[in-house]
Amino acid sequence: MASELRTSKYQKAIEASWDRCKHDFSLVPHAVYPVMRLQSTEVTPRFEAMVDKTGGRRGIFQQLADIAGHAGHCLVLCDADQIVVRLEARDKGHSRFERHGIALGSCWNERIAGTNGVAMAMTLGETVTVRGNEHFFSKLNSFSCTSVPLLDACNRMIGAVSLSTRDSGNAAECLFSQQLLEQASTRIQNLLFEQHYKEALIITVSSPVGTGLMARDTLIAIDGSGHVLGATRGAGFFTVEGHGDVLTGTSMEAIAGLSVDDLVRTAGQIHNVHLDSGDVLNISVREQVASSFPTASGSAQKRKTQRDFGRRRLSRALRALAIGSQAMADTLEQVQVCFANRIPLLIEGESGTGKTQLVTSLHADLGNTPAQLVRMDCSVFDESLMDRLQAGTLLNQVAAVAEPADNSRLSVTLLVENVADLPEQGQSRLRLLLETLESMEHDACAQHGALVVNVVATTDHELLAEVDAGRFREDLYYLLCGAHFVLPALRNREGVDTLASAIATTLAGIAVELTHEAREAIRNHGWPGNVRELRNTLRQSLIAGNGERISLCDITLRSRPGSSAESASRGASQPVLASSPAENTYDEKVAIVDALKSTQWNVSRAARKLGIARATIHRKILRYGIVRPIKDR
């Protein structure tokens with residue numbers, strides 16, 4: 001295992017690969033034809049799919065091929081199944097490579113091709129060089145292969161690109177190949193990332209400490225509320241144990257002290273951010289990116305000339321409601337504009353979608369103007385209670401703030417909750433109340449322009465259907481429905497896991513990591529209780545775990561019997577250990593590690609979480625070589 005570039009980490013990885021090849025896959029090092037090949041008809045659709053996944057970046061691969069050809073190297077592009085879909089070398093016949101199995105359609109899965117650069121890079125998720133006799137098969141001992149994994153915008157593995165050549169024993173050649181491939185890989189992911197998050201604000205982060213001449217910049221996409229939507233590979237300097245997905249849903253202001261307004265206002269400038277670890281990061285936003293991103297800040301003249309019904313950036317409170325969902329953000333933006341123009345609002349949506357929170361956020365955003373929120377819950381009234389006194393009480397509440405002693409400007413928000421449950425007599429009283437409020441507002445405007453009234457009605461029913469059924473007054477419906485909006489159910493929103501990460505971070509008061517399996521479970525659950533159910537589930541998960549990390553074994557998901565999400569929820573609510581380690585080794589090991597982390601490495605509690613005996617979990621810990629990290633001891 002002689003290699004000047006090899007660290008103990010990679011030595012151990014290669015040794016482990018050799019061990020798997022011998023004992024798990026029963027491979028023979030001196031096989032005459034060790035590498036399997038697919039037919040050309042099978043390779044063509046794979047290549048087209050690879051082009052689609054890499055955004056059609058043929059130009060980058062062609063540039064790599066040209067450089068590789070001049071250096072006597074062979075460019076190898078593999079898909080996610082580790083099948084070679086493109087091969088370029090100066091020797092057009094590729095004869096010297098094909099004789100050793102490096103050919104179009106060849107499969108470099110470790111089970112088939114033994115220890116090799118492609119399999120190692122995609123297994124470790126890092127740039128790897130496998131040289132000479134580090135290859136398991138002796139037929140490959142004369143070659144050196146440097147490979148780098150290719151990731152999409154969401155850091156999912158889509159393939160690998162490699163440079164293969166005769167092993168000259170010169171470590172500098174391997175270093176050159178590594179730097180060249182890493183630059184190409186980074187460029188491809190950055191292009192995919194910018195396309196995927198084209199509606200977001202993308203910031204560039206680089207560290208000036210110990211990064212080398214060809215250090216990769218990390219891109220981070222944030223939404224209008226300043227929360228992270230995603231990051232490219234290499235964002236580990238912001239996270240615990242280098243897990244980049246911890247960033248998702250976290251506020252940039254919390255982790256770097258920079259708000260959206262700060263970043264947009266100082267576009268083109270570089271911010272130096274000092275981390276607790278002692279590292280110093282450079283953070284910047286390109287001016288052309290910031291210029292197209294809406295911002296609340298701006299000159300007084302810009303604010304003065306803005307049209308009343310123009311697009312407005314969401315307030316901080318509303319941005320928090322829309323985390324992860326652009327569709328929700330678009331709806332809230334329209335609601336905000338209508339509320340600002342005192343248009344009566346009818347907001348429909350299932351229980352738990354955030355209707356009341358939306359209205360209270362709108363009311364809180366009235367600024368420095370003295371404001372009074374008057375709430376009327378129609379579900380508590382019946383015909384015997386809804387009399388003139390009830391309506392008069394509400395009217396008196398409004399009147400009490402309508403005539404201040406100092407004639408200052410006032411805002412009154414009347415929130416009519418569960419309006420579809422209002423009895424018939426109550427509907428008449430509400431209509432009278434609305435007419436009275438309208439008259440009071442007109443009188444106030446005629447005198448000194450002091451009173452501003454906003455009326456918002458909410459319901460989890462389709463109110464127009466109630467009108468059609470004769471259960472709700474049509475005239476009252478049109479008094480309330482100046483503008484109509486429906487808040488989407490959580491199961492119909494995109495980015496549910498992003499919202500979950502933000503809520504968990506808020507509940508815990510620190511950045512909370514959601515494992516990949518936990519995110520999958522959250523995305524696949526039906527959430528009949530919507531955001532309210534999600535918040536309760538996350539609170540319980542934080543209590544069940546260690547308060548800093550939520551894994552699948554910490555989450556308990558419930559669905560109503562017969563619901564469409566019931567079967568999916570059952571499968572996602574508890575980790576399932578594989579009956580045969582060979583069939584599902586990864587899932588079983590991850591479930592055990594997650595259970596141990598969530599119980600502070602208490603083996604007995606972890607076993608109870610997994611529903612297995614203490615002796616069984618001890619046996620599996622030994623089988624998978626699971627060791628408690630030093631920092632957790």
Side-chain angles (χ1 to χ4, degrees), residues 3-7 9-10 13-14 50 53-55 57-71 73-80 82 84 86 88 108 116-131 134 143-165 167 170-194 202 204-220 230-238 242-244 279 281-282:
S3 173
E4 293 79 12
L5 301 178
R6 191 69 62 237
T7 64
K9 171 184 176 182
Y10 292 115
I14 290 177
M50 191 64 180
K53 289 180 180 179
T54 56
R57 309 300 172 194
R58 300 192 187 196
I60 296 177
F61 294 130
Q62 188 58 54
Q63 292 174 35
L64 275 177
D66 292 342
I67 296 173
H70 286 295
H73 292 55
C74 176
L75 174 74
V76 178
L77 177 64
C78 295
D79 64 9
Q82 301 173 21
V84 176
R86 179 174 179 175
E88 296 280 351
W108 294 93
N116 65 86
V118 173
M120 292 295 294
M122 295 186 69
T123 298
L124 298 177
E126 301 177 10
T127 306
V128 174
T129 296
V130 176
R131 296 178 55 192
E134 290 175 341
F143 288 94
S144 173
C145 178
T146 300
S147 301
V148 61
L150 296 175
L151 306 177
D152 67 6
C154 300
N155 289 305
R156 294 178 295 230
M157 195 84 69
I158 57 177
V161 61
S162 309
L163 289 177
S164 295
T165 187
D167 186 17
N170 185 354
E173 289 186 0
C174 302
L175 180 59
F176 172 77
S177 296
Q178 288 180 2
Q179 296 283 12
L180 182 64
L181 290 177
E182 286 181 357
Q183 289 296 311
S185 172
T186 299
R187 184 178 174 191
I188 289 171
Q189 188 186 25
N190 286 356
L191 290 169
L192 294 174
F193 189 85
E194 290 173 349
I202 298 178
T204 302
V205 183
S206 60
S207 173
V209 179
T211 55
L213 292 175
M214 302 185 73
R216 295 191 305 267
D217 288 339
T218 296
L219 300 184
I220 298 178
T232 58
R233 179 179 54 164
F237 42 71
F238 276 133
H243 296 288
D279 290 332
L281 305 177
N282 292 334

Quick one: [atom1] on [X] to [atom2] on [Y], what's the gap to the nearest 0.5 Å?
X      : Y      : atom1 : atom2 : answer
Trp108 : Cys145 : CH2   : SG    : 7.5 Å
Ile188 : Asp152 : CD1   : CG    : 12.0 Å
Leu151 : Arg233 : CG    : CZ    : 5.5 Å
Tyr10  : Thr127 : OH    : OG1   : 7.0 Å
Ile60  : Leu191 : CD1   : CG    : 5.5 Å
Ser162 : Met122 : OG    : CE    : 9.5 Å

(Q) Between Gln63 and Arg187, is the side-chain contact (heavy atoms from CB on, under 4.5 Å) condition met? List the steps. (A) CA-CA 12 Å; Gln63 292 174 35; Arg187 184 178 174 191; 3.8 Å; yes
Q: Would you check if there is a donor-acceptor pair between the side chains of Thr232 and Gln189 at a distance under 3.5 Å?
A: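 Note: Gln189 and Thr232 side chains miss the donor-acceptor criterion.
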Q | Partner residues of Gln82 under the side chain to side chain donor-acceptor pair (under 3.5 Å) criterion, sequence neighbours left out | A |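 None.
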(Q) Holding to side chain to side chain donor-acceptor pair (under 3.5 Å), I want the full list of residues that pass it with Thr146, two or more places apart in sequence or in another chain. (A)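 Side chain to side chain donor-acceptor pair (under 3.5 Å) check on Thr146 returns Thr129.
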Q. Do you know which of Leu75, Val118, Val76 makes side-chain contact (heavy atoms from CB on, under 4.5 Å) with Val161?
A.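 The passing option is Leu75.
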Q. Picking from Met157, Met50, Lys53, what satisfies side-chain contact (heavy atoms from CB on, under 4.5 Å) with Leu150?
A.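 Going through Met157, Met50, Lys53 one by one, the side-chain contact (heavy atoms from CB on, under 4.5 Å) with Leu150 is satisfied by Met50 alone.
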Q. Between Asn155 and Ala231, is there a donor-acceptor pair closer than 3.5 Å when you use the side chain of the first and the backbone of the second?
A.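 Such a contact is found between Asn155 side chain and Ala231 backbone.
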**Q.** Taking every non-hydrogen atom, the tightest pair across Ala121 and Val148
**A.**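 Taking every non-hydrogen atom into account, CB-N, 4.3 Å.
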Q: Please tell me if the side chains of Leu163 and Leu180 come closer than 4.5 Å, counting only heavy atoms from C-beta onward.
A: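 A side-chain contact under 4.5 Å exists here.
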Under the side-chain contact (heavy atoms from CB on, under 4.5 Å) rule, collect the residues that match up with [X], sequence neighbours excluded.
X      : result
Asp167 : Arg131, Ser144
Thr204 : Asp217, Leu219, Ser284, Arg286
Ala80  : none

